[in-house]
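Following: one structure in structure tokens, then a few remarks.
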Amino acid sequence: MLIVMSHKATKEQLDAVVKAVEAMGLRAAPIPGSERVAVGVLGNEGYVDDLTIRDLPGIQEIIHVSKPYKMVSRDFHPQRSVVEVCGVRIGEGCRPVVAAGPCAVEGEEQIVATALAVKAAGADLLRGGAFKPRTGPHTFQGLREEGLRLLALAAKESGLPVVTEVMSPDHVEVVAAYADLLQVGARNMQNFDLLKELGKAHKPVLLKRGMSATIEEFLASAEYILAGGNPDVILCERGIRTFETATRNTLDLSVVPLIKELSHLPIMVDPSHATGRRSLVPPMTRAALVAGAHGILIEVHPEPEKALSDGPQSLTFQGFAALMDDVRKLNSFLSPDRERQGGECCG
Ligand code: PEP
Ligand code: MN
């Protein structure tokens, strides 16, 4: 429920509304606006009967929110959020960021070489999976804790912050000890125990869209993390499953502007998993930037033909460097002011 106060409402009237909400055992979150204040009501598990509130002075309107998400919505939080990962700012008004690296950490040489190459090409973050969610049990499952240790080493060598996946609530602590941004993969978007645990984590979260998740389900999953107390969530569109099989998934780019309408959370795009094909990654990266993505997630491997996972969609170092040239040109065309500010947010 959202209680919209009149523009003439006094501080006392607002306080009385907050008190009345709290007296119902619910939480009241005042949302200041340019013309009027609204009060978001949180903590209810269904319809809230507004009988004891509706006649209080100073209220202009009461809106019953039937969506399964509130804290992530712009109704409750009109200002767009910027999430910071070790000084890298991600969100509206910031230069779009690029996270790049292999699908999986395979060994020290591979991850350190990739970290240095993507850093030299201009990436902002290093990606790499240590705990890998693989479709079948007979494929490479990741180096797990050893992979985390190697990621930390590559981060130190390159100076890049690290994003890596956490698959289970039991691993949040250990992954958070090494990573700067905790990734929830598509297959775990609705692992609610994991989301609840991440709500208690003190690291930002990159939440990927489930392969058959609606936008409402996607945002409801993000709501779990915010409701648990962690406000730093970045969403990531990574393609959805459709009837089409020529591409690995279908990249739903309309999500980018739609998420910006519905939510204050930043939205990134992963063209690698969305297409599954190396040749399609550069054009879809450019398309995502034009659509307004706040960041891009790209798989890069020193020898894609030898990669233990996702080789066909991984860029070579050379391919990635060429793409970064395009990204820079496109960013300076789309928002010349941001480029001049050296990547700082201007919004
Ligand atoms: C990944 O980013 O390594 C990954 C497994 O992606 P997704 O969860 O989107 O399939
Ligand atoms: Mn992958």
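Atoms within a ligand are numbered from 1 in the order they appear, just like the ligands themselves. Computed from a predicted structure; not experimentally measured.
Looking at atom 8 (O) of ligand 1, its nearest protein heavy atom turns out to be Ala186 N, 2.7 Å. The single protein non-hydrogen atom nearest to atom 4 (C) of ligand 1 is His273 NE2, 3.4 Å, given as residue, atom name and distance. Distance from atom 3 (O) of ligand 1 to its nearest protein heavy atom, with residue and atom name: Arg127 NH2, 2.8 Å. Nearest protein neighbour of atom 6 (O) of ligand 1, counting heavy atoms only, is Lys208 NZ, 2.9 Å.
With the Mn ion (ligand 2) at the apex, Asp310 OD2 and Glu299 OE2 define an angle of roughly 130° (rounded to 10 degrees).
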| request: Check the pair Asp75 / Lys70 against salt bridge (Lys or Arg N to Asp or Glu O under 4.0 Å), numbers first and verdict last. | output: CA-CA 7 Å; Asp75 298 333; Lys70 299 176 186 177; over 6 Å; no
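Checking Asp310 against His273 by side-chain atom types alone, a donor-acceptor pair falls below 3.5 Å. Looking at Asn191 and Lys196, their side chains never bring a donor and an acceptor atom within 3.5 Å of each other. A donor and an acceptor atom, one from each side chain of Gln313 and Arg277, are nowhere located under 3.5 Å apart. In this model, a donor atom of one side chain and an acceptor atom of the other lie less than 3.5 Å apart for His64 and Asp50.
The two residues Met324 and Ala121 make their nearest non-hydrogen contact at CB-O, 3.3 Å.
Under a 4.0 angstrom heavy-atom cut-off, Lys132 registers as being in contact with ligand 1.
Checking only distances, Pro133 never comes within under 3.5 Å of ligand 1, N or O to N or O. Remark: ligand 1 and Glu165 share no N or O pair separated by less than 3.5 Å (distance only, no angle test). In terms of polar-atom proximity, Gln183 is counted as a contact of ligand 1, with an N or O under 3.5 Å from an N or O of the ligand.
The only member of Thr247, Asn249, Thr250 that meets side chain to side chain donor-acceptor pair (under 3.5 Å) when paired with Thr242 is Thr250. Just one of Arg89, Arg80, Glu92 meets the side chain to side chain donor-acceptor pair (under 3.5 Å) condition when paired with His294; it is Glu92.
By the ring-ring contact (aromatic ring centres under 6.0 Å, His included) test, Phe131 pairs with His171, sequence neighbours left out.
Short contacts between ligand 1 and Arg187, defined as distances under 4.0 Å to a heavy atom of the residue, involve ligand atoms 7 (P), 8 (O), 10 (O). Proximity to Arg238 (heavy-atom distance under 4.0 Å) selects the following atoms of ligand 1: 7 (P), 9 (O), 10 (O). For ligand 1, the atoms closer than 4.0 angstrom to any heavy atom of Gly185 are 8 (O).
Counting heavy atoms under 4.0 Å from ligand 1, residue Met211 does not touch it at all.
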